[in-house]
Number of protein chains: 2
Amino acid sequence: MSSFDLDAFLPYRLSVTSNLVSRLFARRYADEFGLTIAEWRVMAVVGADGRASAVAVRARTGMDKAKVSRAVAGLLARRLVKRVAHRGDRRLEPLALTPSGRATFDAIVPRARALEAELADGLPEDQRAALDAALRHIATRAAALDAEAGGGPD
Amino acid sequence: MSSFDLDAFLPYRLSVTSNLVSRLFARRYADEFGLTIAEWRVMAVVGADGRASAVAVRARTGMDKAKVSRAVAGLLARRLVKRVAHRGDRRLEPLALTPSGRATFDAIVPRARALEAELADGLPEDQRAALDAALRHIATRAAALDAEAGGGPD
DNA sequence: TGACATTGGTTCCATATGAAACCAATTTGT
DNA sequence: ACAAATTGGTTTCATATGGAACCAATGTCA
């Protein structure tokens with residue numbers, strides 16, 4: 001009976017928590033704005049950076065190529081985002097928010113912040129800070145370990 | 001330019017980190033033991049509790065019915081797990097590890113712990129503790145908020 | 001200036017996923 | 001005791017996913 005406490009196992013805690021939070025946000029985004037999580041992520045990067053190519057989105061969110069491509073297609077179809085030509089390198093197809101996309105973005109941000117605040121409600125500030133730092137630390141370590149083992153460039 | 005810092009947004013940090021960690025573990029489990037994450041989770045619950053029904057697995061892991069059912073089918077096929085009759089309520093089909101399953105479980109546990117340690121390597125102990133507490137807190141809040149809004153019982 | 005390797009993106013395909021339909025064993029209400 | 005509601009699990013079906021093949025535009029280097 002090699003005792004093993006699943007509840008205390010970090011990867012498990014992480015996954016359970018992340019899934020719960022993702023589901024919660026997915027529902028909200030879908031209900032209130034008709035966006036999938038992937039679409040919102042793309043908008044978030046483009047909105048935050050002002051302009052971003054699919055590569056930038058990929059780098060910041062860890063989403064794979066196909067997923068980004070599909071999310072972008074959806075946003076283009078609804079004209080929340082538009083392509084802006086990149087003179088110099090025609091492979092790059094930088095994206096920018098359309099006015100309508102900007103309006104949606106501006107509407108979502110406060111809602112997202114509010115929901116985030118609700119989640120952290122009651123969490124001591126120092127713990128909140130520690131959480132963020134720890135998540136970054138772990139993400140960095142995981143990326144390193146993954147690259148080290150088979151995890152090729154793509 | 002309603003500034004919005006995606007990197008500091010908790011749900012995003014959580015998801016990115018969780019995905020990286022999941023990928024890492026998925027690769028390990030697959031490479032070394034031929035198990036999917038879902039299968040390992042089932043084994044973990046059954047192994048930790050000594051005996052568990054699909055309902056128990058669901059409750060502890062948050063996996064949905066179908067996923068549990070499929071993972072169990074896979075484990076049964078490879079005889080890592082067996083059903084034990086539950087006299088009294090024949091709907092319940094409690095599971096237990098077979099000797100071979102127990103051996104696999106005993107082999108995985110130390111590997112999982114080692115990988116977990118590698119992830120936390122360099123993380124100050126108090127931050128590590130805060131991380132765990134904060135994740136629990138957030139998971140509880142998220143579950144509450146989700147149930148509150150549409151998120152029915154199933 | 002050509003091959004040849006890279007890089008940004010899209011599409012294809014086989015697999016994974018989860019909501020809902022479904023079946024069987026219990027429980028509840030009358 | 002029996003119909004109706006519930007609960008544990010499996011299966012179906014439509015959709016999501018991600019790895020790999022693919023196309024186009026650059027970059028590289030002899």
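Here the structure is a predicted model, which is why all the values come from computation and not from measurement. Letters A, B, ... are given to chains in the order of the sequence lines, protein chains preceding strands, and every chain is numbered from 1.
Heavy-atom nearest nucleotides on DNA chain C were determined for A:R23 and for A:P94, and the one closer to the 5' end corresponds to A:P94. Summary of the strand contacts: B:A54 and A:A38 both lie near DNA chain D, and taking for each the nucleotide with the nearest heavy atom, the more 5' one is attributed to B:A54. Between A:R91 and B:G88, the residue anchored closer to the 5' end of DNA chain C is A:R91, taking for each the nucleotide with the nearest heavy atom.
Atom CE of A:M63 is separated from atom C1' of D:dG18 by 12 Å (rounded to the nearest Å). The nearest whole Å value for the distance from the CG atom in A:L75 to the P atom in C:dG9 is 15 Å. In this structure, NZ of B:K67 is placed 20 Å from P of D:dT12, rounded to the nearest angstrom. Rounding to whole angstrom units, CD of residue B:E93 and C1' of C:dT26 are separated by 14 Å. Between the CZ atom of A:R27 and the P atom of C:dG18 there is a distance of 13 Å, given to the nearest Å. Rounded to an integer number of Å, the gap from B:L92 CG to D:dG9 C1' is 10 Å. The CG atom of B:L76 sits 12 Å away from the C1' atom of D:dG9 (whole-angstrom rounding). Taking atom CD1 of B:I37 as the reference point, atom C1' of D:dT17 lies 15 Å away to the nearest angstrom.
B:D64 comes within contact range of at least one nucleobase, with a heavy-atom separation under 4.0 Å. Using a 4.0 Å heavy-atom cutoff across all strands shown, A:A66 reaches at least one base atom of the nucleic acid. Within 4.0 Å (heavy atoms only), A:T36 reaches no atom of the nucleic acid at all.
No more than 12 heavy atoms of other residues, nucleotides or ligands lie within 6.0 Å of CZ in B:R51, so this atom counts as exposed by the packing criterion. Shown here is B:R79, whose CZ atom has no more than 12 heavy atoms of other residues, nucleotides or ligands within 6.0 Å.
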Return all side-chain donor-acceptor pairs below 3.5 angstrom for residues 8-17 of chain A, not counting sequence neighbours, or 'none' if the list is empty.
residue, atom, partner, partner atom, Å
A:Y12, OH, B:R60, O, 2.1
A:R13, NH1, A:D7, O, 2.6
A:S15, OG, B:R41, NH2, 2.9
A:T17, OG1, A:R13, O, 2.8
A:T17, OG1, B:L135, O, 3.4

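The pair B:R70-B:E39 fails the salt-bridge criterion, with no side-chain N (NZ, NE, NH1 or NH2) lying under 4.0 Å from an Asp/Glu carboxylate O. Here A:K82 does not pair with A:E93 in a salt bridge; the nearest charged N to carboxylate O distance is not below 4.0 Å.
At C:dT26, one or more side-chain N or O atoms of B:R90 fall inside 4.0 Å of OP1 or OP2 (strictly under the cut-off).
With C:dT10, C:dA25, D:dT10 as the choices, the nucleotide that has an atom nearest any side-chain atom of B:K65 turns out to be D:dT10.
At a cut-off of 3.5 angstrom, counting only N and O atoms as typed in the model, there is no donor on one side facing an acceptor on the other between the side-chain of A:R70 and the base of C:dG9.
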